[in-house]
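Contents: one structure, followed by commentary.
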There are 2 protein chains.
Amino acid sequence: MNPLIHELFQKYRFLKQEVNHTLKEFNLFASQWSVLYCIQKHNEMTLTQIWKYLNVEAPTITRTVNRLAELGWIEISSGKDRREKIVKLSEHALQQFPVINEAMKEFEERVLNGLSKEEELLLFELLQKVK
Amino acid sequence: MNPLIHELFQKYRFLKQEVNHTLKEFNLFASQWSVLYCIQKHNEMTLTQIWKYLNVEAPTITRTVNRLAELGWIEISSGKDRREKIVKLSEHALQQFPVINEAMKEFEERVLNGLSKEEELLLFELLQKVK
DNA sequence: AACATATATTTAGTTAGCTAAGTAATTTGG
DNA sequence: CCAAATTACTTAGCTAACTAAATATATGTT
């Protein structure tokens with residue numbers, strides 16, 4: 001296997017684990033946070049908007065959203081089209097959001113500590129060229 | 001979520017899926033290929049050597065190795081230390097290996113087509129700085 | 001109006017990572 | 001020499017991704 005791809009896979013596993021550790025005190029997992037984060041950013045979203053935004057398949061989002069609703073992080077309602085579901089953050093989530101976001105920022109700064117701002121941008125641009 | 005980390009996660013999912021599509025005709029999955037690849041490289045390995053090399057946890061390798069043995073890709077024997085298991089490629093795997101490797105090389109060249117050799121190296125080095 | 005097609009979500013089943021906890025064999029220290 | 005610690009691997013249960021196929025609603029065509 002190409003060492004570049006191998007390295008990317010390794011870093012993914014490492015980062016995902018670090019995110020999970022960071023979120024553990026809030027009883028959240030990495031993928032749950034991804035969903036909360038993008039809902040917060042867009043205020044409210046349909047399931048389809050979420051999975052298209054995050055680039056995962058629909059069933060993955062169905063399950064994560066249901067779990068998040070069970071746990072009280074989000075509220076699900078139906079739009080005028082009775083097929084679609086609209087999702088937004090609960091009061092509890094809105095309150096907790098800034099604290100969790102802060103913890104995540106600390107984690108991000110920590111793992112990206114070895115890179116300058118220029119290198120971060122460069123890494124981002126190089127990653128985008130992989131396709 | 002930091003856009004850089006978000007992008008890395010997205011590329012991971014994309015690449016893993018592409019690897020799985022590439023390997024589908026051989027009835028293999030990405031992680032199974034990782035294991036076969038590193039066994040081939042080292043000729044034979046214990047389970048511990050495999051999970052340390054691939055940077056995953058032991059139970060992951062136990063399961064993948066057992067599945068690969070079931071599927072006839074590898075053979076498991078025991079070394080002089082009765083705790084450890086030694087794993088090597090089967091005849092079938094040795095025969096198929098070059099063909100699969102070729103398909104993987106084509107895939108790697110395709111997804112890295114947008115990067116020059118210098119950029120590839122740079123991306124690799126920048127990824128290593130994430131920790 | 002009826003039927004086909006498209007869209008939104010769900011269900012079922014698979015691989016693959018993790019942690020926690022367990023068994024069995026080996027090594028080590030008093 | 002034997003109890004304690006370590007090592008190698010396994011089992012069980014969780015999250016998280018995927019695919020394939022089902023269900024329900026909406027839309028479009030004849």
Side-chain angles (χ1 to χ4, degrees), chain A residues 6 8-24 26-36 45-71 73-74 76-87, chain B residues 8-36 45-71 73-74 76-87:
Chain A
H6 190 241
L8 198 149
F9 281 29
Q10 305 261 31
K11 287 304 173 193
Y12 165 80
R13 284 198 293 267
F14 165 73
L15 287 173
K16 193 181 151 196
Q17 230 172 317
E18 289 295 308
V19 174
N20 279 332
H21 288 150
T22 303
L23 293 172
K24 187 155 196 179
F26 307 107
N27 283 307
L28 279 170
F29 291 94
S31 59
Q32 296 173 337
W33 174 250
S34 298
V35 171
L36 288 183
M45 293 176 99
T46 66
L47 297 200
T48 300
Q49 285 173 330
I50 298 173
W51 64 257
K52 287 196 170 158
Y53 178 79
L54 292 177
N55 245 296
V56 297
E57 296 302 317
T60 304
I61 294 307
T62 292
R63 194 165 36 164
T64 302
V65 157
N66 285 341
R67 190 83 186 98
L68 284 171
E70 267 177 45
L71 295 169
W73 291 100
I74 59 175
I76 304 176
S77 54
S78 52
K80 62 174 183 300
D81 188 325
R82 284 167 61 195
R83 291 170 304 180
E84 74 181 15
K85 292 184 167 180
I86 291 170
V87 159
Chain B
L8 199 149
F9 280 30
Q10 303 263 32
K11 288 303 174 194
Y12 164 80
R13 284 197 293 265
F14 165 73
L15 286 173
K16 194 179 154 196
Q17 231 172 314
E18 288 295 309
V19 174
N20 280 333
H21 288 150
T22 303
L23 293 172
K24 186 156 195 179
E25 62 171 310
F26 308 107
N27 283 307
L28 279 171
F29 290 92
S31 58
Q32 296 174 338
W33 174 249
S34 299
V35 171
L36 288 184
M45 293 176 98
T46 66
L47 298 201
T48 299
Q49 285 173 330
I50 297 173
W51 65 258
K52 288 198 169 157
Y53 179 79
L54 293 177
N55 244 295
V56 296
E57 297 302 319
T60 304
I61 294 306
T62 292
R63 196 168 32 174
T64 302
V65 157
N66 285 342
R67 189 79 185 103
L68 283 171
E70 267 177 44
L71 295 169
W73 291 99
I74 60 176
I76 304 175
S77 53
S78 51
K80 63 173 181 301
D81 187 326
R82 283 167 59 199
R83 291 170 303 180
E84 74 181 15
K85 292 183 168 180
I86 291 169
V87 158

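When reading the values below, keep in mind they use all heavy atoms of this one structure, side chains included, and skip hydrogens, waters and symmetry mates. In what follows, chains are A, B, ... by sequence order, proteins preceding strands, each numbered from 1.
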Side-chain contact, heavy-atom cut-off 4.5 Å: B:Met45 with B:Tyr53?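 With C-beta onward as the side chain, the pair touches.
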
On the nucleotide [N], are OP1 or OP2 found under 4.0 Å from the side-chain N or O atoms that [X] carries?
{"X": "A:Arg67", "N": "D:dT15", "value": "yes"}
{"X": "A:Arg82", "N": "D:dA24", "value": "no"}
{"X": "B:Thr60", "N": "C:dC18", "value": "yes"}
{"X": "A:Ser31", "N": "D:dT15", "value": "no"}

Interatomic distance, [X] [atom1] vs [N] [atom2] [rounded to whole Å]:
{"X": "A:Glu57", "N": "C:dA12", "atom1": "CD", "atom2": "P", "answer": "19 Å"}
{"X": "B:Gln32", "N": "C:dG17", "atom1": "CD", "atom2": "C1'", "answer": "14 Å"}
{"X": "A:Phe26", "N": "D:dT15", "atom1": "CZ", "atom2": "P", "answer": "19 Å"}
{"X": "B:Leu54", "N": "C:dG17", "atom1": "CG", "atom2": "P", "answer": "8 Å"}
{"X": "B:Asn66", "N": "C:dT15", "atom1": "CG", "atom2": "C1'", "answer": "14 Å"}
{"X": "B:Ile50", "N": "D:dA8", "atom1": "CD1", "atom2": "P", "answer": "13 Å"}
{"X": "B:Lys80", "N": "D:dT7", "atom1": "NZ", "atom2": "C1'", "answer": "14 Å"}
{"X": "A:Ile61", "N": "C:dT11", "atom1": "CD1", "atom2": "C1'", "answer": "16 Å"}

Please determine which of B:Val19, B:Leu68, B:Thr22, B:Leu71 meets the side-chain contact (heavy atoms from CB on, under 4.5 Å) test together with B:Leu28.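 That would be B:Leu68.
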
Using a heavy-atom cut-off of 4.0 Å across all strands, would you classify B:Arg13 as base, sugar-phosphate, or nothing?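 Sugar-phosphate, no base atom in range.
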
[X] to [Y] - nearest heavy-atom pair and separation:
{"X": "A:Ala69", "Y": "A:Ile74", "value": "N-CG1, 3.6 Å"}
{"X": "B:Gln32", "Y": "B:Asn27", "value": "OE1-O, 4.2 Å"}
{"X": "B:Arg83", "Y": "B:Asp81", "value": "NH2-OD2, 2.8 Å"}
{"X": "A:Val56", "Y": "B:Arg13", "value": "CG1-NE, 3.3 Å"}

Give the intermediate values and the outcome of side chain to side chain contact (heavy atoms under 4.5 Å, CB included) for residues B:Glu84 and B:Thr48. CA-CA 8 Å; B:Glu84 74 181 15; B:Thr48 299; over 6 Å; no

Could you pick out which residue, B:Arg63 or A:Ala30, lies toward the 5' side of DNA chain D when each is mapped onto its nearest nucleotide?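 Final value for this comparison: B:Arg63.
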
side-chain hydrogen bond (donor to acceptor under 3.5 Å, both in side chains), that's the test. Do A:Gln10 and A:His6 meet it? Break it down for me. CA-CA 6 Å; A:Gln10 305 261 31; A:His6 190 241; 3.3 Å; yes

Looking at residues 15-25 of chain B, who's got a heavy atom less than 4.0 Å off DNA chain C?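 Of all residues in residues 15-25 of chain B, none places a heavy atom under 4.0 Å from DNA chain C.
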
Is B:Asn20 reaching over with its side chain to a backbone N or O of B:Ala30, donor-acceptor style, under 3.5 angstrom?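 Side chain of B:Asn20 to backbone of B:Ala30: a pair is present.
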
Protein and nucleotides 6-9 of chain C: nitrogen or oxygen contacts under 3.5 angstrom:
residue: C:dT7; atom: O2; partner: A:Arg83; partner atom: NH1; Å: 2.9
residue: C:dT9; atom: OP1; partner: A:Lys85; partner atom: N; Å: 2.6
residue: C:dT9; atom: OP1; partner: A:Lys85; partner atom: O; Å: 3.4
residue: C:dT9; atom: OP2; partner: A:Thr48; partner atom: N; Å: 2.7
residue: C:dT9; atom: OP2; partner: A:Thr48; partner atom: OG1; Å: 2.3

In terms of relative ring orientation, are A:Tyr12 and B:Phe9 parallel, tilted or perpendicular, with 30° and 60° separating the classes?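 Rings of A:Tyr12 and B:Phe9: perpendicular, as their planes differ by over 60°.
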
Between B:Phe29 and B:Pro59, which has a closest nucleotide on DNA chain C that is more 5'?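 Whichever sits nearer the 5' end wins; that is B:Phe29.
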
